[in-house]
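What follows is a single structure, written as structure tokens, with notes after it.
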Amino acid sequence: MAGRLVLASLALLCLAAAWLGLRAGRVPSETEIIDRYAAQYLERAGAGARATDCVARPHSDRAVRLVVTCAAPDGTRAIFFAGRRGQPVPPPAGPDA
């Protein structure tokens with residue numbers, strides 16, 4: 001009986017570790033990346049800002065997956081550079097920056 005409980009606990013622990021590993025290794029979609037940075041923009045922007053103020057484009061630098069640009073109604077802009085997994089990366093140097 002005790003042996004089965006240990007095996008069941010070990011199996012449950014392995015399943016939880018596998019699930020967490022799959023979640024951590026999952027690459028977000030472009031839509032998820034855009035939504036994440038649009039939410040950051042909305043937190044900072046003033047009245048009248050909407051998520052639809054944001055557009056994204058790929059970048060020629062391999063370290064940058066997307067450049068998300070948000071233009072507020074008052075004319076200010078927010079530019080976010082997202083890496084391969086959607087993480088923030090510094091703006092690259094060069095003409096495409």
Side-chain angles (χ1 to χ4, degrees):
M1 178 76 168
R4 287 185 180 178
L5 183 60
V6 170
L7 284 177
S9 297
L10 184 59
L12 188 60
L13 182 63
C14 287
L15 284 173
W19 180 80
L20 287 173
L22 288 174
R23 288 278 298 169
R26 187 176 141 303
V27 176
S29 70
E30 291 180 349
T31 301
E32 291 171 323
I33 293 171
I34 296 165
D35 288 344
R36 179 185 315 157
Y37 289 105
Q40 288 182 20
Y41 158 73
L42 291 174
E43 289 175 5
R44 300 178 196 171
R50 299 183 318 215
T52 55
D53 297 341
C54 300
V55 296
R57 64 177 172 80
H59 195 277
S60 61
D61 188 323
R62 289 182 43 85
V64 179
R65 181 173 175 186
L66 288 175
V67 178
V68 181
T69 305
C70 303
D74 65 4
T76 59
R77 289 177 20 161
I79 301 174
F80 305 95
F81 293 87
R84 289 273 151 236
R85 293 187 164 270
Q87 78 280 11
V89 295
D96 288 343

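- Across Pro90, Pro91, Pro88, a single residue satisfies side-chain contact (heavy atoms from CB on, under 4.5 Å) together with Phe81, and that is Pro91.
- With sequence neighbours left out, the side chain to side chain donor-acceptor pair (under 3.5 Å) criterion links Thr31 to no other residue.
- The two atoms that bring Pro92 and His59 nearest to each other are CG-CE1, 3.4 Å, heavy atoms only.
- Sorted by first and then second residue, the disulfide bond (SG atoms under 2.5 Å apart) pairs with a member in residues 36-66 read Cys54-Cys70; sequence neighbours excluded.
- Take Tyr37 and apply the ring pair (Phe, Tyr, Trp, His ring centres under 6.0 Å) test, not counting sequence neighbours, and it matches Phe80.
- In terms of heavy atoms, Arg36 sits closest to Gln87 at NH1-N, 4.2 Å.
- In this structure, CG on Asp53 lies 12.0 Å from OG1 on Thr69, to the nearest 0.5 angstrom.
- Val55 and Val67 sit in two unconnected hydrophobic clusters of ILVMFWY residues. Membership requires side-chain heavy atoms under 4.5 Å apart, directly or through other members.
- Put simply, CG on Leu66 and CZ on Arg84 are 8.5 Å apart, with the number rounded to the nearest 0.5 Å.
- The closest side-chain heavy-atom distance from Val27 to Arg65 is below 4.5 Å.
- The distance from the OH atom of Tyr41 to the CZ atom of Arg77 is 11.5 Å, given to the nearest 0.5 Å.
- Looking at every heavy atom in both residues, Val68 comes nearest to Ala56 through CG2-CB, 4.1 Å.
- Taking both residues in full, the closest heavy atoms of Pro28 and Ile33 are given as CG-CG1, 4.0 Å, listed atom of the first, atom of the second, then distance.
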